[in-house]
Amino acid sequence: MASSTRGAFIVIEGLDRSGKSTQAAILHSRLQSSAGAVLMKFPDRTTAIGKMIDAYLRSQSELDDHAIHLLFSANRWELASSIYAHLAAGTTVVADRYAFSGIAFSARKGLSYEWCRMPDVGLPAPDLTLFLNIEPEIARARGGYGEERYEREEVQRGVRAVFERIGEEMKRDGPGKWVEIDAGREKDQVARDIWHAVELFAQGVDTPTARLWET
C-alpha cells in the first residue's frame, strides 16, 4: 500500500438477523488475507459501558430511552481513536453496526431524529456503508430471533423505516457511499454482492477520513 493511502472504513448495517455479523466476518476474513483488516462490533460489550448496554439488551436492566441512546454513542466514542489509528496504519476497519443503528432504534421509539443524531456528530465517517435490507418476516424465520429486546417484527419495521430515511440522507448529503444489499437471499449470494461493492476500497483510500455530519 502506498504511503499516501490509508485503510478504508467499511460499516455493515441492517435489521436484526439480517446476517450482519456473518457477512462482516466473511468480509473481514477476505480483506485480512489481501490487505490487512480488523473487525469491530458495536456495541462493544467488553467495555464498562458495553457491559451496561449488554445487560439492557438482554432485558436484565431498565434504562431511560435517552440514557441508553447516549450510552450506545459513548461506546462508539470509546473506540473512535482506535478506528483512526487502524486507518492511519493502512488497516481496513470493518464495523458490524455503527451510529446509524443508534439513530434508527432510538428514533423508532419516538425520540427526536435530530436529537438522536447529535451525540454522534464528529465520529469518524465510514467510506462505505452496506445496508443489509431484509423483510422482517424473513428475519423472524431465522434462528435465534426474539432473544433480545428489539427482536420483534413491529419494532423491526419501524427501525427499517428510519434506516430508509438515513440512507436517503447519506446518499444525498453524507460523506462516503451508502449501498443497499438484498439480504433475504443465500449467504454466498449476499457475500458476492458485498465484495463487489467493497472491491474498490480493498487497497486503501487516498482522501482523509471524514467526520460524520460535520459541515
Side-chain angles (χ1 to χ4, degrees), residues 6-16 18 20-25 27-28 31-32 36-109 111-132 147-150 159 162-163 166 170 174-176 178 201 205 208-214:
R6 60 169 174 84
F9 184 20
I10 299 166
V11 167
I12 297 182
E13 285 280 16
L15 301 186
D16 291 340
S18 60
K20 294 179 310 304
S21 296
T22 297
Q23 294 298 335
L27 178 60
H28 170 242
L31 288 167
Q32 197 172 32
V38 296
L39 176 61
M40 292 183 169
K41 295 186 178 184
F42 292 100
D44 181 338
R45 304 187 191 209
T46 66
T47 70
I49 292 172
K51 289 174 183 175
M52 295 174 66
I53 294 171
D54 183 62
Y56 172 82
L57 290 175
R58 295 180 185 276
S59 299
Q60 295 170 355
S61 69
E62 295 298 327
L63 289 167
D64 174 80
D65 290 341
H66 297 82
I68 189 62
H69 182 80
L70 293 173
L71 285 176
F72 272 106
S73 180
N75 188 239
R76 291 184 282 274
W77 280 105
E78 283 184 296
L79 294 170
S81 60
S82 294
I83 293 172
Y84 283 122
H86 285 305
L87 298 179
T91 303
T92 294
V93 175
V94 178
D96 178 355
R97 291 204 187 279
Y98 197 50
F100 312 114
S101 277
I103 297 169
F105 280 87
S106 291
R108 181 265 162 198
K109 296 177 185 177
L111 301 187
S112 160
Y113 181 90
E114 290 72 20
W115 184 90
C116 291
R117 199 173 75 162
M118 192 75 67
D120 292 315
V121 171
L123 278 173
D127 299 294
L128 172 67
T129 302
L130 301 160
F131 176 63
L132 304 191
E147 291 178 357
E148 293 198 330
R149 182 181 292 264
Y150 296 130
V159 168
V162 184
F163 266 126
I166 295 168
M170 291 297 290
W178 180 284
F201 298 88
V205 177
T209 305
R211 296 178 185 270
L212 272 179
W213 302 305
E214 279 193 354

Listed partners of Gln32 passing side chain to side chain donor-acceptor pair (under 3.5 Å), at least two apart: none
Under 3.5 Å donor-acceptor, Trp178 side chain and Ile166 backbone: no
Euclidean distance, His86 NE2 relative to Thr92 OG1, rounded to 0.5 Å: 11.5 Å
Side chain proximity check, Tyr98 to Leu123, heavy atoms < 4.5 angstrom: yes
Residue pair Phe72 / Pro43: nearest heavy atoms and the distance that separates them: CE2-CG, 3.7 Å
Validation row: Val205, Phe9 side chains within 4.5 angstrom (heavy atoms): no
Nearest heavy-atom neighbours spanning Arg97 and Val11: C-CG1, 4.3 Å
Parallel, tilted or perpendicular, as decided by the 30° and 60° cut-offs, for the rings of Phe163 and Phe105: perpendicular
Test item: Ile53 and Phe42 side chains (from C-beta on) under 4.5 Å apart, heavy atoms: no
For Glu114, salt bridge (charged side-chain N to carboxylate O under 4.0 Å, His left out) partners two or more places apart: Arg165
Interatomic distance, Gln23 atom CD to Ile12 atom CD1 [nearest 0.5 angstrom]: 6.5 Å
Distance (rounded to the nearest 0.5 Å) between Leu15 CG and Phe131 CZ: 5.0 Å
Any side-chain heavy-atom pair of Phe100 and Pro126 under 4.5 Å: yes
Nearest heavy atoms of Leu31 and Ala37, plus distance in Å: CB-CB, 3.7 Å
Leu212 to Ala99 - nearest heavy-atom pair and separation: CD1-CB, 3.9 Å
Spacing of Asp64 atom CG and Leu70 atom CG [to the nearest 0.5 Å]: 9.0 Å
His69 side chain to Cys116 backbone, donor-acceptor under 3.5 Å: yes
Contacts of Asp44 that satisfy salt bridge (charged side-chain N to carboxylate O under 4.0 Å, His left out) - sequence neighbours left out: none
Closest heavy-atom pair and its distance - Ser82, Met40: CB-CE, 3.8 Å
Met52 atom CE, neighbour heavy-atom count above 12 within 6.0 Å: no
Atom pair CG (Leu57) and CD1 (Ile68), whose distance is rounded to the nearest 0.5 Å: 6.5 Å
Closest approach of Thr209 to Ala125 (non-hydrogen atoms, all atoms of both residues): CG2-O, 4.1 Å
Point-to-point distance, once rounded to the nearest 0.5 Å, from NZ of Lys51 to CZ of Arg45: 13.5 Å
